[in-house]
Amino acid sequence: MNAPLPWFIAGPLIGLIVPALLILREKQFGISSSYRFIGAVLLPKIPYFSYQKDGDRWQIQFALGLILSGFAAYQVFGAFDAVVIQPIRDYEKLAVNIYDVKNGLQFFVGGILVGFGARYANGCTAGHCIMGVSQFATSSILATVSFFIGGLIGSFFVNPFIF
Amino acid sequence: MLKFIITLALGFFFGSILLASQAFSWYRIQEMFHFQSFHMFGLLFSAIATSAVFLYILKRNKQKSIYGNEIEVKPKKLEWKANIFGGLIFGLGWSISGACSAPVYILVGLHWKIGIILLAGAFVGTVLFALVERKLPKA
């Protein structure tokens with residue numbers, strides 16, 4: 001598990017999910033609406049969550065598949081991720097295990113920003129970067145550029161101080 | 001039931017690719033933002049290119065779904081302030097947590113402690129948005 005699956009194999013396989021979802025489920029690729037669906041189930045009184053949620057139900061099933069893939073990987077390979085990926089120059093001291101619970105607060109805050117930002121931007125890496133940009137949608141190109149600018153700021157100017 | 005199994009299988013497939021290519025990993029995300037490897041860029045660009053080619057073919061062939069319906073592909077509505085401000089916030093969270101929406105779920109299975117923390121965070125963020133969304137600039 002040292003070398004990653006090359007990008008020129010992994011990328012096209014990810015791209016294939018878009019037509020597969022359209023043909024097999026009549027759905028446009030996206031993940032982050034699953035969070036809104038959970039909100040609709042748990043907190044239906046909030047106006048934003050009282051919507052036609054049935055159209056997003058499939059995302060929960062998709063998310064379940066994602067969780068299972070992580071679980072299966074753990075069963076087969078153990079906690080293979082952090083230690084085997086070549087340490088990135090600026091983060092060598094974190095090479096042992098970034099996913100330690102001692103970093104829980106940083107991950108929690110990161111998660112809040114991901115959840116808030118995805119809903120505000122109306123999509124995430126799946127819905128905007130892949131599904132939207134491949135349609136050449138202005139909204140998605142704008143969002144994708146913004147994702148990267150936000151990411152550059154976080155990775156260069158926030159992470160060195162919080163990890 | 002068939003729909004459920006199809007969707008579950010596609011999710012499992014997507015997760016497996018993100019795991020095998022290490023794209024789910026915090027380290028790969030930092031590496032990308034520091035331009036230290038082409039891996040993530042190649043992965044994203046080739047995913048987008050593949051998707052674009054297939055969307056073109058589906059449209060040209062007027063491909064129907066397995067349920068016999070026309071396939072409709074709609075671009076997301078342009079709300080430039082929401083796309084930019086939301087995008088910046090999302091990007092910030094993406095770089096801190098090293099995970100976007102799909103890897104959050106993968107991590108629930110892989111490292112359940114940090115995964116649950118991340119998922120809880122993403123849900124709290126969604127609820128916060130739901131509470132303030134009417135006051136936010138969008139278009």
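The figures that follow rest on heavy atoms only: side chains count, while hydrogens, waters and symmetry mates do not. Per chain, numbering begins at 1; letters A, B, ... match sequence-line order. Here the structure is a predicted model, which means the values were calculated and not measured.
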Measure A:Ala63 against the heavy atoms of chain B and call it side chain, backbone, both or neither at under 4.5 Å.
both

The interface call for B:Ile6 against chain A, heavy-atom contacts under 4.5 Å, is side chain

Bottom line for B:Phe35: the part with an atom under 4.5 Å from chain A's heavy atoms is side chain

Ranked by heavy-atom pairs below 4.5 Å to chain A, first place among B:Ile84, B:Val124, B:Val132 goes to B:Ile84

Is the distance from the ring center of A:Tyr99 to that of B:Trp112 below 6.0 Å?
no

Go through the atoms of A:Ile46 and report whether side chain, backbone, both or neither lie under 4.5 Å from a heavy atom of chain B.
side chain

Taking B:Tyr67, B:Trp94, B:Phe85, B:Phe54 one by one, which has the highest count of heavy-atom pairs under 4.5 Å against chain A?
B:Tyr67

Angle between ring planes, B:Phe90 versus A:Phe147, binned at 30° and 60°: parallel, tilted or perpendicular?
tilted

Contacting region of B:Phe41 [heavy-atom separation from chain A under 4.5 Å]
side chain

If the plane angle is over 60° it's perpendicular, under 30° parallel, otherwise tilted; pick one for B:Phe33 and A:Phe148.
perpendicular

Please look at A:Leu42 and chain B and tell me whether the side chain, the backbone, both or neither of the residue comes under 4.5 angstrom of a heavy atom of that chain.
side chain

Does the side chain of B:Thr126 come under 3.5 Å of the side chain of A:Arg36 through a donor N or O and an acceptor N or O?
no

Examine whether an atom of A:Thr144 lies under 4.5 Å from a heavy atom of chain B, and if so say whether it belongs to the side chain, the backbone or both; otherwise answer neither.
neither

B:Tyr105 vs A:Tyr35 aromatic rings, parallel, tilted or perpendicular, using cut-offs 30° and 60°?
parallel

Would you say the side-chain atoms of A:Ser155 and B:Ser95 include a donor-acceptor pair closer than 3.5 Å?
no

Part of A:Leu43 lying under 4.5 Å from any heavy atom of chain B
side chain

So, taking the atom named CG in B:Asn83 and the one named CD1 in A:Ile141, what distance separates them when rounded to the nearest 0.5 Å?
11.0 Å

Which bit of A:Val101 comes within less than 4.5 Å of chain B, counting heavy atoms only: side chain, backbone, both or neither?
both

What residue in B:Trp80, B:Tyr56, B:Phe38 has the most heavy-atom pairs under 4.5 Å with chain A?
B:Phe38

Side chains of A:Asn159 and B:Gln30: do they bring a donor and an acceptor to under 3.5 Å?
yes

Run B:Phe14 and A:Phe29 through ring pair (Phe, Tyr, Trp, His ring centres under 6.0 Å) and show every step you take.
CA-CA 11 Å; B:Phe14 183 39; A:Phe29 188 36; 5.2 Å; yes

Chain A heavy atoms under 4.5 Å from B:Lys113: which part of the residue, side chain, backbone, both or neither?
side chain

Nearest heavy-atom pair of A:Tyr120 and B:Lys138: which atoms, and what distance?
CE1-CG, 4.3 Å

In this structure, OH of A:Tyr48 is separated from CD of B:Glu133 (nearest 0.5 Å) by 6.5 Å

